[in-house]
S.K.: 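Following this message is one structure expressed as structure tokens.
Keep in mind it's a predicted model, so treat the numbers as computed, not measured.
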Amino acid sequence: MALSYPKWDPKGENLRKWLNNANEPGCPIPKTTVTMANLPPSEYFIYSKATCLSLTQSYWVASLGLPVETAVEDADSVYQFLSLHKNELPWAHWSGRIGPGVMIIECIRRENDSTAPWISELTKAIYENYSSLSDLRYVFLTDVQNEDTVECITTICDAHRLPYPSDDDHGKWPTGVWMPPSPEFNALLGTRLGKVVAYFILGAYGQGVKRIAKITFFNAKRKQLNLRFDIENV
């Protein structure tokens, strides 16, 4: 019997089709024109600096064959930390680390009635300002707490009898690796955070250019859930 995740699967299935096929009809996500240069400086506080990665993040990127820096010698570090915050309510916020081929998103939030661009549009503007969009291969979302996304992951764990955090196992999430077109992949893509990544790709590249090849959820430390989206050319 095929597993089903009706709360998320249909949304994710549509996104997967739009990502994979330039001619798939019905895509509501246009290419975005938002850039860092056209964000009004009076409305946004933007902070950036050369940075190193945490030991945990260094392990992640090293396992993917990406450069690792655990110390910052000068402003030419391959990694940048960036924080963008809309000053006035209702506000929006983005912070994370960016390097060649990888984006590690540490905190994102946008109030429902904010006049700021969508988080997916800010993500595009931020990444392309510091690295080449054509080179992006991995997007991490760290310390995931979004209720919709966590509910989806616990539902998948239940369906596959995968253990999820408890006092007995020191709060460790299992590792789940999901490929298209599995219902688990579609479900994860249809979550609030999955949609942010899919909308980012559609807005940055358009349909049928880049696709999500794999979604992984995993533990980093006690009860910290993380996601990784592998990006590749169609």
S.K.: Testing the 3.5 Å rule here: is there a donor-acceptor pair between the side chains of T56 and S54?
M.R.: no
S.K.: Do P100 and D135 have side-chain heavy atoms sitting under 4.5 Å apart?
M.R.: no
S.K.: Check step by step if salt bridge (Lys or Arg N to Asp or Glu O under 4.0 Å) holds for K214 and E232.
M.R.: CA-CA 9 Å; K214 183 193 304 180; E232 66 179 21; over 6 Å; no
S.K.: Taking all non-hydrogen atoms of both residues, which atom of C27 and which atom of Q207 are closest, and how far apart?
M.R.: CB-OE1, 3.1 Å
S.K.: Strictly by side-chain hydrogen bond (donor to acceptor under 3.5 Å, both in side chains), give each pair with a member in residues 36-47 just once, sequence neighbours left out.
M.R.: T35-N38
S.K.: Tell me if a side-chain donor or acceptor on S131 pairs with a main-chain N or O of E128 at a distance below 3.5 Å.
M.R.: no
S.K.: Just so I know, are the side chains of C152 and L188 near enough to count as touching, which here means a heavy-atom distance under 4.5 Å?
M.R.: yes
S.K.: Does any N or O in the side chain of S114 come within less than 3.5 Å of the main-chain N or O of P90, such that one atom is a donor and the other an acceptor?
M.R.: yes
S.K.: Throw together a table of side-chain donor-acceptor distances under 3.5 angstrom for residues 136-144, partners on residues two or more places apart or in other chains.
M.R.:
unit_1, atom_1, unit_2, atom_2, d
T142, OG1, I105, O, 3.4
D143, OD2, Q145, NE2, 3.2

S.K.: What residues form a side chain to side chain donor-acceptor pair (under 3.5 Å) with W8, not counting sequence neighbours?
M.R.: D148
S.K.: Using modelled atom types only, decide if a donor and an acceptor are shared between the side chain of T155 and the backbone of E151 within a distance under 3.5 Å.
M.R.: yes
S.K.: Which heavy atom of P181 sits nearest to which heavy atom of N186, and what is that distance?
M.R.: O-ND2, 3.6 Å
S.K.: Would you say F81 and S95 make side-chain contact, with heavy atoms under 4.5 Å?
M.R.: yes
S.K.: According to side chain to side chain donor-acceptor pair (under 3.5 Å), who are the partners of N23, at least two apart in sequence or on a separate chain?
M.R.: none
S.K.: Look at the side chain of Y79 and the backbone N and O of P67, then say whether any donor-acceptor pair between them is shorter than 3.5 Å.
M.R.: yes
S.K.: Do L84 and I126 have side chains that approach each other closer than 4.5 Å (heavy atoms only, starting at C-beta)?
M.R.: yes
S.K.: Would you mind listing every salt bridge (charged side-chain N to carboxylate O under 4.0 Å, His left out) that reaches into residues 178-203, with sequence neighbours excluded?
M.R.: none
S.K.: Among pairs that include at least one residue of residues 101-112, which meet salt bridge (charged side-chain N to carboxylate O under 4.0 Å, His left out), considering only residues two or more places apart or in two chains?
M.R.: R97-E106, R109-E111
S.K.: When rounded to the nearest 0.5 angstrom, what distance separates CG in L82 from CD1 in I46?
M.R.: 7.0 Å
S.K.: For residues V209 and L19, determine if any side-chain heavy atom of one lies less than 4.5 Å from a side-chain heavy atom of the other.
M.R.: no
S.K.: According to side chain to side chain donor-acceptor pair (under 3.5 Å), who are the partners of E88, at least two apart in sequence or on a separate chain?
M.R.: none
S.K.: Please go through L89's hydrophobic cluster and name the other residues, only I, L, V, M, F, W, Y counting, with side-chain heavy atoms under 4.5 Å joining them.
M.R.: W91
S.K.: I'd like to check T175 versus N219 (side-chain heavy atoms, cut-off strictly below 4.5 Å). Are they in contact?
M.R.: no
S.K.: Is the backbone N or O of W18 less than 3.5 Å from a side-chain atom of N20, with the two atoms forming a donor-acceptor pair by type?
M.R.: no
S.K.: Excluding sequence neighbours, so at least two apart, what forms salt bridge (Lys or Arg N to Asp or Glu O under 4.0 Å) with K210?
M.R.: none
S.K.: Is the closest basic N to carboxylate O distance between R16 and E13 below 4.0 Å?
M.R.: yes
S.K.: Look at the side chain of E121 and the backbone N and O of V34, then say whether any donor-acceptor pair between them is shorter than 3.5 Å.
M.R.: no
S.K.: Answer whether the closest heavy-atom distance between the side chains of W60 and V102 falls below 4.5 Å.
M.R.: no
S.K.: Run the salt-bridge test on D230 and R228 with the 4.0 Å N-O cut-off and return the result as yes or no.
M.R.: yes
S.K.: Would you give the length of the straight line joining atom CD of Q57 to atom CG of L55, rounded to the nearest 0.5 angstrom?
M.R.: 9.5 Å
S.K.: Mind checking whether F218 and Y59 sit in one hydrophobic cluster, side chains of I, L, V, M, F, W, Y counted as touching below 4.5 Å?
M.R.: yes
S.K.: Give the other cluster members for V177, using side-chain heavy-atom distances under 4.5 Å between Ile, Leu, Val, Met, Phe, Trp and Tyr residues; answer none if it is isolated.
M.R.: none
S.K.: Can you name the side chain to side chain donor-acceptor pair (under 3.5 Å) partners of K31, sequence neighbours left out?
M.R.: none
S.K.: Filter on ring-ring contact (aromatic ring centres under 6.0 Å, His included), then keep only pairs touching residues 93-131, sequence neighbours left out; what's left?
M.R.: H85-H93
S.K.: Report yes or no: do Y199 and L193 belong to one cluster of Ile/Leu/Val/Met/Phe/Trp/Tyr joined by side chain heavy-atom distances under 4.5 Å?
M.R.: yes
